[in-house]
Amino acid sequence: MAYKQDDKKVTPRSQDFAAWYNDIILRAELADYSPVRGCIVFRPDGFAVWEALRDELDRRIKETGARNAYFPLFIPQSFLQKEAQHVQGFAPEVAVVTHGGGKELEEPLIVRPTSETIINHMFAQWIHSHRDLPLMLNQWCNVVRWEMRTRLFLRTAEFLWQEGHTAHATREEAERETLTMLETYRGFIEEFLAVPLIYGRKSAAERFPGAEETYTVEGLMGDGRALQCGTSHFLGQNFAKAFEIRFLDEQNQMQFAWQTSWGVSTRLLGALVMVHGDDQGLRLPPAVASTQVVIVPIWRKPEEREKVLHAAANVFQALKTAGVRVRVDEREGVTPGFKFNDWEMRGVPLRIEIGPRDVAAGEVVAARRDLAGPTAKSKLVSSTVAERVPALLNEIQKNLLTQARDAMLANTRQFDSYDALRAQMEGEGGGGFADIYWCGKAECETKIREETRATCRAIPLDQKVEVGACIVCGEPAPERALFAKAY
RNA sequence: CGGGGCGUGGCGCAGCCUGGUAGCGCACACGCUUGGGGUGCGUGUGGUCGCCGGUUCAAAUCCGGCCGCCCCGACCA
């Protein structure tokens with residue numbers, strides 16, 4: 001209590017990033033802790049963001065040709081054993097159901113940590129011919145991973161996600177699908193969430209258990225740490241062999257299918273908070289904001305109240321007709337100043353203030369959440385609001401991405417000396433993306449991780465072909481890689 | 001599992017050392033006031049002090065045991 005002088009404000013971001021992050025989520029009422037350790041409760045404002053994001057991504061996924069389906073929460077424990085790498089990767093964090101109906105089960109069930117096994121079990125029964133391919137399914141569901149350490153949105157014991165699973169006749173087609181989905185995620189996250197990303201291949205150490213290749217999109221958070229925002233895996237024939245997904249090709253030859261899987265989760269909400277939030281609270285990109293515009297009426301005397309509310313209602317109607325998600329804050333008993341702060345905390349992109357002076361002048365005041373200081377406010381002629389506001393919302397969406405991209409680029413550095421890399425990672429705000437030559441050997445990667453706590457986030461695609469010296473061992477390195485401390 | 005810390009109205013805490021039957025801020029309810037950046041005042045609701053046992057005339061306070069949570073580390077697509 002001693003140092004929290006003013007509990008109207010959240011912990012400043014610069015003072016304690018982790019505390020700031022929790023404060024924002026709780027105060028903006030996105031989510032709350034649950035009685036079960038590590039689990040999260042999504043409150044309506046947080047769930048609305050998830051719904052908006054889900055609806056848009058669902059649309060984009062379907063455009064690629066995948067269809068939605070739903071597979072069971074429970075999976076026979078033996079299924080997990082079938083793929084060696086997979087079981088090794090997930091066994092420690094799986095929740096197991098041993099009893100049902102008051103009796104001990106013959107075979108324990110696991111609660112899905114991901115659905116590769118049960119989906120592939122079904123794929124084996126549905127795929128017989130090359131004419132059954134490609135088979136491209138997606139499901140929106142919850143999964144459970146018994147994490148030792150949890151954080152709101154970023155790592156919770158139960159989380160929501162989508163997982164896509166596809167089977168193809170050829171290696172090339174499956175590889176193409178893996179990259180198509182990576183690009184789908186990249187476009188979606190940048191355009192819709194206004195979160196800029198780097199993307200590329202994962203190192204062997206960071207690869208999905210059972211995958212031949214894992215691709216990732218990674219964002220850089222406000223504290224300089226990286227966050228994996230989505231992954232797309234080329235599974236090769238590993239699961240096809242384990243689950244016997246076989247088909248007859250055009251030459252009547254028996255072949256194993258080539259597969260992919262890909263997913264994004266409610267972790268994206270954490271990215272949204274950490275990339276855009278400030279000391280005033282959340283800043284939501286208009287595309288995901290369930291309320292894009294809030295109108296705050298201001299008055300003193302009863303006769304003013306009537307005029308102001310009337311003007312507010314007109315603006316509300318005009319915006320609603322223009323397709324803007326808008327609401328009027330008619331609460332009485334709280335001051336306009338309180339409402340300003342309240343809606344800023346909740347991240348509403350644009351606030352419109354209407355007071356007696358504005359009504360008299362035929363104007364309104366528009367306050368942008370993406371800007372700070374005097375430039376954030378401007379006057380709009382009332383009659384033009386319906387056309388000006390959608391344009392403003394577009395500008396806010398773009399500007400949030402620009403701000404975030406500038407921050408990411410400013411915090412991405414090339415290093416050619418190991419000491420310089422280590423110095424960068426050690427500092428107080430130590431972090432950001434380190435763009436370095438890495439020979440690809442696990443021992444060099446391990447040395448970096450153990451000494452700097454930075455891990456390989458991605459090996460960018462489409463690199464210029466050039467050879468440098470590995471930052472650790474000095475041996476020839478065919479590629480650059482991006483390392484960072486990660487969540 | 002190792003190291004550290006904490007359990008007192010919904011939240012944040014004081015009280016514990018030096019036992020005497022619980023208090024402050026916020027939030028909440030009502031009223032008046034205020035209203036262009038978190039208005040002010042008043043009244044009020046709400047707590048078997050984590051649990052069990054012991055000492056004592058008397059335990060939030062002292063003693064013993066247990067449980068839970070948080071932070072750091074190990075771990076983690």
Side-chain angles (χ1 to χ4, degrees), chain A residues 1-11 16 18-19 22-23 26-27 32-33 35-38 85-86 88-94 113-114 116 143 145-151 154-157 159 161 163 201-211 213-218 227-233 235 261-265 267 280-281 296-302 304-305 308 329 331-345 351-361 363-365 367 372-374 376-377 379 449-450 453 455-458 486-487:
Chain A
M1 182 174 108
Y3 83 105
K4 207 161 187 177
Q5 334 80 332
D6 185 358
D7 53 30
K8 285 170 181 168
K9 288 190 159 49
V10 299
T11 307
D16 183 342
N22 286 331
D23 282 355
L26 299 173
R27 294 280 297 278
D32 208 344
Y33 292 103
V36 180
R37 195 191 85 87
Q85 291 301 314
H86 197 64
Q88 204 185 338
F90 282 107
E93 54 187 75
V94 151
T114 178
E116 265 76 10
V143 289
R145 298 177 188 183
W146 218 263
E147 302 287 356
M148 307 184 86
R149 197 169 159 150
T150 58
R151 303 197 63 180
L154 303 178
R155 181 170 291 109
T156 49
F159 58 93
W161 76 344
E163 50 177 325
R201 249 165 51 231
K202 280 291 190 193
S203 68
E206 301 281 330
R207 203 175 282 154
F208 175 76
E213 199 75 86
T214 287
Y215 296 89
T216 179
V217 286
E218 305 258 336
L227 181 71
Q228 178 173 297
C229 289
T231 47
S232 183
H233 314 292
L235 302 176
S261 69
W262 25 270
V264 302
S265 73
R267 175 182 263 195
Q280 298 305 310
V296 177
I298 298 157
W299 70 83
R300 291 168 199 271
K301 307 170 200 135
E304 288 175 343
R305 176 177 185 274
V308 163
D329 186 350
R331 281 178 293 177
E332 308 215 4
V334 287
T335 61
F338 180 89
K339 292 177 180 178
F340 295 171
N341 286 283
D342 190 35
W343 292 109
E344 282 169 9
M345 177 60 64
R351 177 179 72 243
I352 289 182
E353 309 168 8
I354 305 179
R357 296 202 299 267
D358 305 306
V359 175
E363 295 173 338
V364 302
V365 172
K377 287 198 185 190
K379 294 198 181 215
R449 176 167 58 80
E450 286 177 354
R453 304 190 67 189
T455 52
C456 179
R457 305 320 304 159
Y487 276 99

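Chain naming here is simple, since letters A, B, ... match the order of the sequence lines and numbering starts at 1 in each.
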Inset, instruction - Salt-bridge test for A:Arg457 and A:Glu206: reply yes if a basic N is under 4.0 Å from a carboxylate O, no otherwise. - result: yes
Inset, instruction - Report the residue (A:Arg449 or A:Ile354) whose heavy-atom-nearest nucleotide on RNA chain B is the more 5′ of the two. - result: A:Ile354
Legend entry - A:Asp358 (side chain) and B:G36 (base): donor-acceptor pair under 3.5 Å: yes
Inset, instruction - Identify whether any heavy atom of A:Thr216 sits under 4.0 Å from a base atom; if not, whether one sits that close to sugar-phosphate; answer base, sugar-phosphate or nothing. - result: nothing
Legend entry - Distance, rounded to the nearest Å, where A:Lys301 contributes NZ and B:U34 contributes P: 12 Å
Inset, instruction - Kindly indicate whether the side chain of A:Arg305 and the base of B:G35 share any N or O donor-acceptor pair separated by less than 3.5 Å? - result: no
Legend entry - Span that lies between the C1' atom of B:G25 and that of B:G36, in whole angstrom: 29 Å
Inset, instruction - Take the protein atom CD of A:Glu147 and the nucleotide atom C1' of B:C76, then report the distance between them rounded to whole Å. - result: 5 Å
Inset, instruction - Check every strand shown and say whether A:Val296 touches a base, only sugar-phosphate, or nothing at a heavy-atom separation below 4.0 Å. - result: nothing
Inset, instruction - Using only heavy-atom distances, decide whether a donor-acceptor pair under 3.5 angstrom links the side-chain of A:Lys377 to the base of B:G37. - result: yes
Legend entry - Nearest-Å distance once atom C1' is located in both B:A22 and B:G47: 9 Å
Inset, instruction - Name the nucleic acid region contacted by A:Pro356, choosing base, sugar-phosphate or nothing; use a 4.0 angstrom heavy-atom cut-off, strictly under. - result: base
Inset, instruction - Take A:Phe90 and A:Val359, find for each the nucleotide of RNA chain B with the closest heavy atom, and name the residue whose nucleotide sits nearer the 5' end. - result: A:Val359
Inset, instruction - Classify the nucleic acid contact of A:Trp343 as base, sugar-phosphate or nothing, counting any heavy atom under 4.0 Å across all strands shown. - result: nothing
Inset, instruction - In whole angstrom, give the distance that lies between atom CG of A:Asn341 and atom C1' of B:G35. - result: 14 Å
Legend entry - Same-atom distance (P) from B:G37 to B:G42, integer angstrom: 25 Å
Inset, instruction - Please name the pair of heavy atoms, one in A:Gly230 and one in A:Val264, separated by the smallest distance, quoted to 0.1 Å. - result: CA-CG1, 3.8 Å
Inset, instruction - Provide the distance between the two C1' atoms, one in B:U56 and one in B:A74, to the nearest whole Å. - result: 46 Å
Legend entry - Closest listed nucleotide, where the reference is the side chain of A:Phe338 and the choices are B:U39, B:G35, B:C76: B:U39
Legend entry - Side-chain donor or acceptor of A:Lys339 paired with backbone N/O of A:Val296 under 3.5 Å: no
Inset, instruction - Can you tell me the distance, in whole Å, between the CG atom of A:Asp23 and the P atom of B:C11? - result: 16 Å
Legend entry - Nearest heavy atoms of A:Val364 and A:Asp358, plus distance in Å: CA-CB, 4.3 Å
Inset, instruction - Look at A:Lys202 together with A:Glu218 and state whether they make a salt bridge at an N to O cut-off of under 4.0 Å. - result: yes
Legend entry - Among B:C76, B:U39, B:G38, the nucleotide that comes nearest once only the side chain of A:Glu93 is considered: B:C76
Legend entry - Span that lies between the C1' atom of B:C69 and that of B:C11, in whole angstrom: 16 Å
Inset, instruction - Could you work out which one of B:G36, B:U39, B:G37 sits closest to the side chain of A:Thr335? - result: B:U39
Legend entry - Nucleotide of B:G35, B:C76, B:G37 approaching A:Arg155 most closely (side-chain heavy atoms): B:C76
Inset, instruction - Give the rounded distance in Å between these two atoms: CH2 of A:Trp146 and C1' of B:A74. - result: 20 Å
Legend entry - Sugar-phosphate only, base, or nothing, as touched by A:Pro297 at under 4.0 Å among non-hydrogen atoms: nothing
Inset, instruction - Quick one: label A:Gly263 by what it contacts on the DNA or RNA (base, sugar-phosphate, nothing), any heavy atom closer than 4.0 Å. - result: nothing
Inset, instruction - Pull out every stem in RNA chain B, meaning runs of 3 or more consecutive Watson-Crick or G-U wobble pairs with both distances under 3.5 Å. - result: B:1-7 with B:67-73, B:10-13 with B:23-26, B:28-32 with B:40-44, B:50-54 with B:62-66
Inset, instruction - Indicate, with a heavy-atom threshold strictly under 4.0 Å, whether A:Glu353 touches base, sugar-phosphate, or nothing. - result: base
Inset, instruction - Write down the distance separating the P atoms in B:G64 and B:U18, rounded off to the nearest Å. - result: 15 Å
Legend entry - Phosphate-side-chain proximity, A:Arg300 and B:G35, N/O vs OP1/OP2 below 4.0 Å: yes
Inset, instruction - Give the rounded distance in Å between these two atoms: CZ of A:Phe340 and P of B:U39. - result: 11 Å
Inset, instruction - Could you measure between the two P atoms, the one in B:A59 and the one in B:G54, and give it in whole Å? - result: 12 Å
Inset, instruction - Would you indicate what A:Arg267 reaches in the nucleic acid, counting non-hydrogen atoms under 4.0 angstrom: base, sugar-phosphate, or nothing? - result: nothing
Inset, instruction - Determine, stepwise, if the pair A:Lys377 / A:Glu353 fulfils side-chain contact (heavy atoms from CB on, under 4.5 Å). - result: CA-CA 10 Å; A:Lys377 287 198 185 190; A:Glu353 309 168 8; 3.0 Å; yes
Inset, instruction - Compare side-chain N and O positions of A:Arg453 against OP1 and OP2 of B:G73 and report whether any pair is under 4.0 Å apart. - result: yes
Inset, instruction - For A:Glu304 and B:U34, give me the distance from atom CD to atom C1', rounded to whole Å. - result: 13 Å
Inset, instruction - For A:Arg151, look at atom CZ and say whether over 12 heavy atoms of other residues, nucleotides or ligands are found less than 6.0 Å away. - result: yes
Legend entry - Those residues that, when tested against A:His233, pass ring pair (Phe, Tyr, Trp, His ring centres under 6.0 Å) (two or more places apart): A:Phe208
Legend entry - A:Phe159 six-ring face occupied by A:Arg267 cation (under 6.0 Å, within 45°): no
Inset, instruction - Verify the neighbour count for atom CH2 of A:Trp299: are there more than 12 heavy atoms of other residues, nucleotides or ligands below 6.0 Å? - result: yes
Legend entry - Rounded interatomic separation in angstrom, taking CZ from A:Arg207 and P from B:C76: 16 Å
Legend entry - Between B:C71 and B:G35 - C1' atom distance, rounded Å: 43 Å
